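Can you keep this structure in mind? I'll have questions shortly.
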There are 2 protein chains.
Amino acid sequence: MAQRKSPSRPRSAAAPRPRDAEQTRAEILHAARVLFATRGYANAGMREIAAAAGITPALVVRYFGSKRDLFVAAIESDIALGPFLGPDRATVGRHIARHFFSKPVREVDTLSILLHAAGQPEVCDLATELLATRVIQPLARWLGPPRAEARASLVLAIISGTWLFRQALPMRAFAGGPDTSLASCLAAQIQHVVDGLPEP
Amino acid sequence: MAQRKSPSRPRSAAAPRPRDAEQTRAEILHAARVLFATRGYANAGMREIAAAAGITPALVVRYFGSKRDLFVAAIESDIALGPFLGPDRATVGRHIARHFFSKPVREVDTLSILLHAAGQPEVCDLATELLATRVIQPLARWLGPPRAEARASLVLAIISGTWLFRQALPMRAFAGGPDTSLASCLAAQIQHVVDGLPEP
DNA sequence: GCTAGAAGTCAACAGCCGTTTACAAAAAAC
DNA sequence: GTTTTTTGTAAACGGCTGTTGACTTCTAGC
C-alpha cells in the first residue's frame with residue numbers, strides 16, 4: 001500500500017516525465033492557449049497554466065520569460081480565415097455562420113484568445129493590432145469596394161458580438177447549434193454585408 | 001507655511017468632507033459605475049473606487065457589503081432603450097447607430113458595465129440575466145414575428161460587437177463619430193434586421 | 001565512470017487584492 | 001453638558017499573483 005521509495009530509482013508509479021524540452025515547450029503553449037481562450041488573460045494564472053502542462057510555474061517563465069511574452073507566443077499562430085475567403089461569395093455568410101455555431105461553445109482558437117484580451121491593459125493593444133492586420137485588412141481586400149474597410153469591420157463586429165454571448169458572457173439564446181433560428185439569421189446578416197450594403 | 005492645526009476646528013485647508021451618508025453613498029455608486037464601465041469588474045479595485053469617491057475602501061464595504069454587492073447596485077439602474085422602441089420603425093437603425101457613435105468612446109452606461117463583466121466568473125451570470133430580461137425580451141416584443149427572439153439577439157450582438165471594438169478592445173476603425181462610413185453601415189445593418197430578414 | 005550542462009523542483013519574495021478589526025471624530029439625543 | 005449613535009479613518013489580515021534564486025536530478029559527451 002505504502003509507496004515504495006527505492007533509493008536508486010523511485011520510478012515506481014507515475015513515470016517521472018521524460019525530459020524533452022521541445023515537447024514541454026509545446027505543452028506549455030497548448031495549455032496557455034486553452035486557458036487564455038477559455039478564461040481570459042487575467043483569469044488564467046501562471047500556476048494554473050503550469051499545472052495544466054504538468055510542470056512548475058517557474059519553468060513556464062524559464063521557457064517564455066513572462067506571462068505577457070507567453071501571451072505573445074500564444075497568439076502568434078495564424079488566424080485561419082483562409083477557408084472562407086474563397087471565390088464563392090454567394091454562400092460565405094452561411095459557411096461562416098455554420099462554422100461558428102458548429103464548433104463547441106468553448107473552442108480554443110486564436111480569435112477567442114484575442115477577444116478575451118478585451119479590457120486587459122497589458123495585452124489589449126497586442127490584440128487590436130493583430131486583429132487589424134490579420135483579420136480586417138485581408139477581409140477588406142477580399143470584400144472589395146464600396147466601403148471595404150467599414151464592411152470588413154462590421155463583419156468582424158457581428159462575429160465578435162456573437163462570440164461574446166456564446167463564449168464570454170454566455171447567454172442561453174446563443175448556445176445552440178448551426179440549425180437554430182439565430183444561426184440562420186447570422187448567416188443572412190453576414191451575407192448581407194458581403195453582398196454590399198445599400199447606399200444610405 | 002506649516003499647516004496650522006487649531007485645537008478646536010482644524011478645517012484650515014481641504015475642508016474635512018461634510019458628513020452626509022446619502023451623498024457619500026451616491027458618490028461611491030457613481031465612482032463604481034464609472035470604473036466598472038471603463039476598466040471592467042476585475043480591473044476596477046476597491047481602493048481605486050474609494051479614492052475616486054474621496055473616501056476609504058473600508059467605507060465602501062460598510063455601505064455596500066462587498067465588491068460583488070456593489071456591482072449589483074451599480075447595474076440596478078434601468079437600461080434606457082425606451083427611446084428607440086417608438087413607433088418609427090423605418091429609421092430606428094439610423095437612430096441607434098447615431099446614438100452609439102455620437103457619444104464619447106468612454107461613455108458610462110449600464111450596457112458598458114454589463115458587457116465589461118464578460119469572462120469575470122463572479123458577475124457574468126448577473127450580467128447575462130439582466131441582458132436577457134431587460135434588453136432581449138423587450139426588444140423581441142417590439143420587433144415582433146417572425147423569429148423575434150433571434151432577431152433581437154442579433155441586434156444586441158451587432159451593437160455589442162461594435163461596443164467591443166470601440167470601448168474594450170479599442171480599434172482605430174471604430175473610434176470615429178456618427179458620420180463615418182462605419183456608422184452608416186451599422187445603421188443599415190441594424191435596420192435590415194429590424195425590417196425582418198429574408199427567409200432562408 | 002565521470003563530469004558539464006540542461007531540465008525541472010522548491011520555497012520564498014514583493015506587491016496587490018478584498019475584507020476586517022480597532023479606533024477617532026462629528027453629529028444627534030437626552 | 002453628557003452620552004450615544006453615526007460617519008469616517010488607519011492599519012492590518014489572509015490570500016492570491018507573477019517572478020526570482022538556489023537547489024536537485026536527469027542526460028549527454030568524453
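Computed from a predicted model, the values in this text were never measured in an experiment. By convention in this document, chain letters (A, B, ...) are assigned in the order of the sequence lines, proteins followed by strands, and residues within each chain are numbered from 1. What you see below is based on every heavy atom in this structure, not just the backbone, and it leaves out hydrogens, waters and symmetry mates.
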Using whole Å, report how far CG of Asp20(B) lies from C1' of dA28(C).
15 Å

Starting at atom CD of Gln120(B), determine the distance to atom P of dC17(C), rounded to an integer number of angstrom.
14 Å

Side chains of Val34(A) and His30(A), heavy atoms from C-beta outward: is any pair under 4.5 Å?
yes

DNA chain C-proximal residues of residues 28-38 of chain A, any heavy atom under 4.0 Å
none

Just to be sure I understand the rule, does Ala50(B) reach a base, reach only the sugar-phosphate, or reach nothing, if contact means heavy atoms closer than 4.0 Å?
nothing

Does a side-chain heavy-atom distance below 4.5 Å link Ser184(B) with Arg147(A)?
yes

Sorted by first residue and then second, give each ring-ring contact (aromatic ring centres under 6.0 Å, His included) pair with at least one member in residues 111-143 of chain A; sequence neighbours left out.
His116(A)-Trp163(A)

Looking across every strand, which nucleic acid part, if any, lies under 4.0 Å from Ala42(A) by heavy atom: base, sugar-phosphate, or nothing?
nothing

How many Å lie between CZ on Arg19(A) and P on dA7(C), as a whole number?
9 Å

Presence of Thr24(B) side-chain N/O under 4.0 Å of dT7(D) phosphate oxygens OP1/OP2:
no

Taking side chain to side chain donor-acceptor pair (under 3.5 Å) as the test, write out the residues that go with Gln120(B), two or more places apart.
none

Side chain of Ala58(B) only, heavy atoms from C-beta on: which candidate in dA26(C), dA10(D), dG8(C) is closest?
dA10(D)

Salt bridge or not for Lys103(B) and Asp109(B), using N-O below 4.0 Å?
yes

Counting heavy atoms from C-beta on, name the nucleotide in dA10(D), dT19(D), dG18(C) closest to the side chain of Met46(B).
dG18(C)

Nucleic acid contacts - residues 59-74 of chain A versus DNA chain C, non-hydrogen atoms under 4.0 Å
Leu59(A), Arg62(A), Tyr63(A)

Between Arg68(A) (side chain) and Glu122(A) (backbone), is there a donor-acceptor pair under 3.5 Å?
yes

Measure from CD on Glu48(A) to P on dT19(D) and round the result to the nearest Å.
16 Å

All side chain to side chain contact (heavy atoms under 4.5 Å, CB included) counterparts of Gln137(B), not counting sequence neighbours
Thr133(B), Arg141(B)

Test side chain to side chain donor-acceptor pair (under 3.5 Å) applied to Arg166(A) - qualifying residues, sequence neighbours left out
none

Does Lys67(A) qualify as a cation-pi partner of Tyr41(A), given the criterion of NZ or CZ under 6.0 Å from the six-membered ring centre and within 45 degrees of its axis?
yes

Ignoring the backbone of Arg47(A), work out which of dC17(C), dT9(D), dG18(D) is nearest its side chain.
dG18(D)

Just the rounded figure in Å: distance from C1' of dA27(C) to CD of Glu22(B).
17 Å

Rounding to an integer number of Å, can you tell me how far Gln23(B) CD sits from dA27(C) P?
14 Å

